[in-house]
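Following: one structure in structure tokens, then a few remarks.
Numbers here are sequence positions counted from 1.
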Amino acid sequence: MTFTVAVAGATGYAGGELLRVLLGHPEARIGALTAHSNVGDTLGQHQPHLLPLADRVLLDTTARNLAGHDVIALALPHGASGAIAAELAAAAPDAILIDLGADHRLESGEDWRQFYGGEYQGAWVYGMPELILGDVAHKQRQLLPGAKRLAVPGCNVTAVTLALAPGIAAGVIEPTDLVAVLANGLSGAGKVAKPHLLAAEVLGAASPYSVAGTHRHIPEIEQNLRKAGAGALSISFTPTLVPMSRGILATCTARLAPGVTPAQVRDAWQQAYDGEPFVRLLPDGQWPSTAMTLGANTALIQVAVDQRAHRVVAICAIDNLVKGTAGAAVQSLNLALGLPETTGLTTIGVAP
């Protein structure tokens, strides 16, 4: 099943990574590439590593330029996808639209207005196939076949959700006392030049950001964990920039539910991810690192019980640009198109 893909926002990190993944997809044919401020440039001026596409000329991001393709991917800043998606509903009514931004992830308009501001655009089908819906027999992938509108999850959201959802679904942790502290690669902040992301500021330093419940991914994490079975829910979420270009290491802890044993805890995560092609519970005692996931569509997880603190520790490592963004988009697109979920995606990382 060959399909054509147009990519809006092709010069950004998300757009570039999506193109890299699609170049390895046996059924994908890359069509129009658009940008905002770089119209008329060649892609190679901005994404020199994408040699097969280096001579492609960047077009303006308009519905007219994006229409005429089977799939249209929107790798745009939050708040920018909604307007062009509305135009594409008329210009390309049969196309599958994939939003790699935030505009269509949240099911609550109130959450959108509180954390993002601006007009709420409504929720699309959520692109996290492994998301548990109440119990491990029901997952989000069951809702993806045939979907025409796909919302790719936030990268931090992916790491925290995959780390904690099995414990919530199995009832082995208490969802009212969740803590997540993340080490984040700088590419997650996007490609726009910002003073606090200059090399002089970040090399040799680790810096928290969006502290004390202000990060925009918090309501999306809560949305996912409620789907996994949480009733009352409270999570403290703190991301930290560290001097690496890619990767997220999410260290998540939760209070152990009364009477639960360490064996029952491990069994909950084992059952949740048994047979999953891209989520792996590591052997007991082996802890994930971001280096293990570089370039791969994998989420590597370890879980253990801190007996002294009566808490469960679940750690998840992902490449924020692959499993956290572009890989998740292609994985969900495969399911929407009826292709094998793993088509064009790798679990093989790059080391050292």
Side-chain angles (χ1 to χ4, degrees), residues 128-132 136 139 153 155-173 178-185 188 206 221 224-225 228 237-240 242-257 260-325 327-328 331 341-342 345-352:
M128 187 187 292
E130 304 90 353
L131 176 61
I132 299 169
V136 296
K139 291 185 178 177
C155 53
N156 294 313
V157 179
T158 296
V160 175
T161 298
L162 294 177
L164 290 173
I168 289 174
V172 299
I173 61 176
L178 306 175
V179 178
V181 179
L182 280 65
N184 302 72
I221 294 170
N224 288 352
L225 297 183
F237 172 84
T238 307
T240 304
V242 296
M244 61 185 183
S245 60
R246 291 173 178 249
I248 295 174
L249 186 71
T251 300
C252 305
T253 72
R255 187 169 299 280
L256 184 67
V260 174
T261 67
Q264 290 173 315
V265 168
R266 184 166 183 84
D267 186 61
W269 270 258
Q270 189 71 60
Q271 288 190 34
Y273 296 132
D274 182 41
E276 284 290 350
F278 298 115
V279 183
R280 179 70 58 86
L281 179 65
L282 295 174
D284 194 20
Q286 182 182 15
W287 292 94
S289 75
T290 57
M292 298 175 179
T293 68
L294 186 64
N297 193 51
T298 49
L300 301 182
I301 295 174
Q302 185 57 276
V303 63
V305 175
D306 182 339
Q307 298 278 25
R308 288 178 64 86
H310 303 289
R311 296 186 73 83
V312 172
V313 181
I315 298 181
C316 177
I318 63 171
D319 183 326
N320 60 294
L321 292 178
V322 189
K323 184 57 178 163
T325 308
Q331 184 182 349
E341 186 172 342
T342 57
L345 296 168
T346 184
T347 58
I348 302 169
V350 179

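At a cut-off of 3.5 Å, with distance as the only test, no side-chain donor of Gln271 or Arg266 sits close to an acceptor on the other residue. Judged purely by distance below 3.5 Å, without hydrogens or angles, the side chains of Asn320 and Asn184 never pair a donor atom with an acceptor atom.
Screening Val160, Leu178, Leu164 for a side chain to side chain contact (heavy atoms under 4.5 Å, CB included) with Ile221, the sole residue that qualifies is Val160. A side chain to side chain contact (heavy atoms under 4.5 Å, CB included) with Val303 is found for one member of Asp284, Leu281, Leu282 and no other, namely Leu281.
Annotation for Pro288 and Leu249: closest pair O-CD1, 3.6 Å, computed over non-hydrogen atoms. For Glu341 against Pro129, the heavy-atom pair with the smallest separation is OE2-CB, 3.7 Å. For Ala257 against Gly171, the heavy-atom pair with the smallest separation is CB-O, 3.5 Å. Minimum heavy-atom separation, Val136 to Ala272: CG1-CA, 3.5 Å. Listed here is the closest heavy atom pair of Ala163 and Ala314: O-CB, 3.3 Å. Across all their heavy atoms, Ala317 and Ser289 have their closest contact at CB-O, 3.5 Å.
Salt bridge status for Arg311 with Asp306: absent, with no side-chain N to carboxylate O gap under 4.0 Å.
Between Val260 and Val265, some side-chain heavy-atom pair lies under the 4.5 Å cut-off. Contact of the Thr251 side chain with the Trp287 side chain is not registered, since no non-hydrogen atoms from C-beta on lie closer than 4.5 Å. Contact annotation: the side chain of Val313 never approaches that of Val305 to less than 4.5 Å [non-hydrogen atoms, C-beta and beyond]. Looking at Ile248 and Asn156, their side chains come closer than 4.5 Å, going by heavy atoms from C-beta outward.
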Begin with the C-alpha distance, continue with both residues' side-chain angles, and end with the deciding distance and a verdict on side chain to side chain contact (heavy atoms under 4.5 Å, CB included) for Asn297 and Thr347.
CA-CA 6 Å; Asn297 193 51; Thr347 58; over 6 Å; no

Side chain to side chain contact (heavy atoms under 4.5 Å, CB included) for Val312 and Thr253? Distances and angles first, verdict last.
CA-CA 5 Å; Val312 172; Thr253 72; over 6 Å; no

What's the verdict on side chain to side chain contact (heavy atoms under 4.5 Å, CB included) for Thr298 and Val279, showing C-alpha distance, side-chain angles and the deciding distance?
CA-CA 6 Å; Thr298 49; Val279 183; over 6 Å; no

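To the nearest 0.5 Å, atoms CZ (Phe278) and CG (Leu345) are separated by 4.5 Å. Once rounded to the nearest 0.5 Å, the distance linking SG of Cys252 with CZ of Phe237 reads 9.0 Å. Interatomic distance, Leu182 CG to Cys155 SG, rounded to the nearest 0.5 Å: 9.0 Å. With values rounded to the nearest 0.5 angstrom, Met292 atom CE is found 15.0 Å from Ile318 atom CD1. The structure places CG of Leu321 at 14.0 Å from NZ of Lys323, a figure rounded to the nearest 0.5 Å. In this structure, NZ in Lys139 is found 7.0 Å from OH in Tyr273, a value given to the nearest 0.5 Å.
Looking at Thr293, its side chain does come within 3.5 Å of a backbone N or O of Thr290 through a donor-acceptor pair. Counting only distance, with no hydrogens or angles, the side chain of Gln302 and the backbone of Gln286 share a donor-acceptor pair below 3.5 Å. Without hydrogens or angle criteria, Thr346 side chain to Ile348 main chain gives a donor-acceptor distance under 3.5 Å. Judged by distance alone, with hydrogens and angles left aside, the side-chain atoms of Asp319 form a donor-acceptor pair with the main-chain N or O of Gly295 at under 3.5 Å.
Counted within 6.0 Å of CZ on Arg280, heavy atoms from surrounding residues, nucleotides or ligands total 12 or fewer; the atom is thus considered open.
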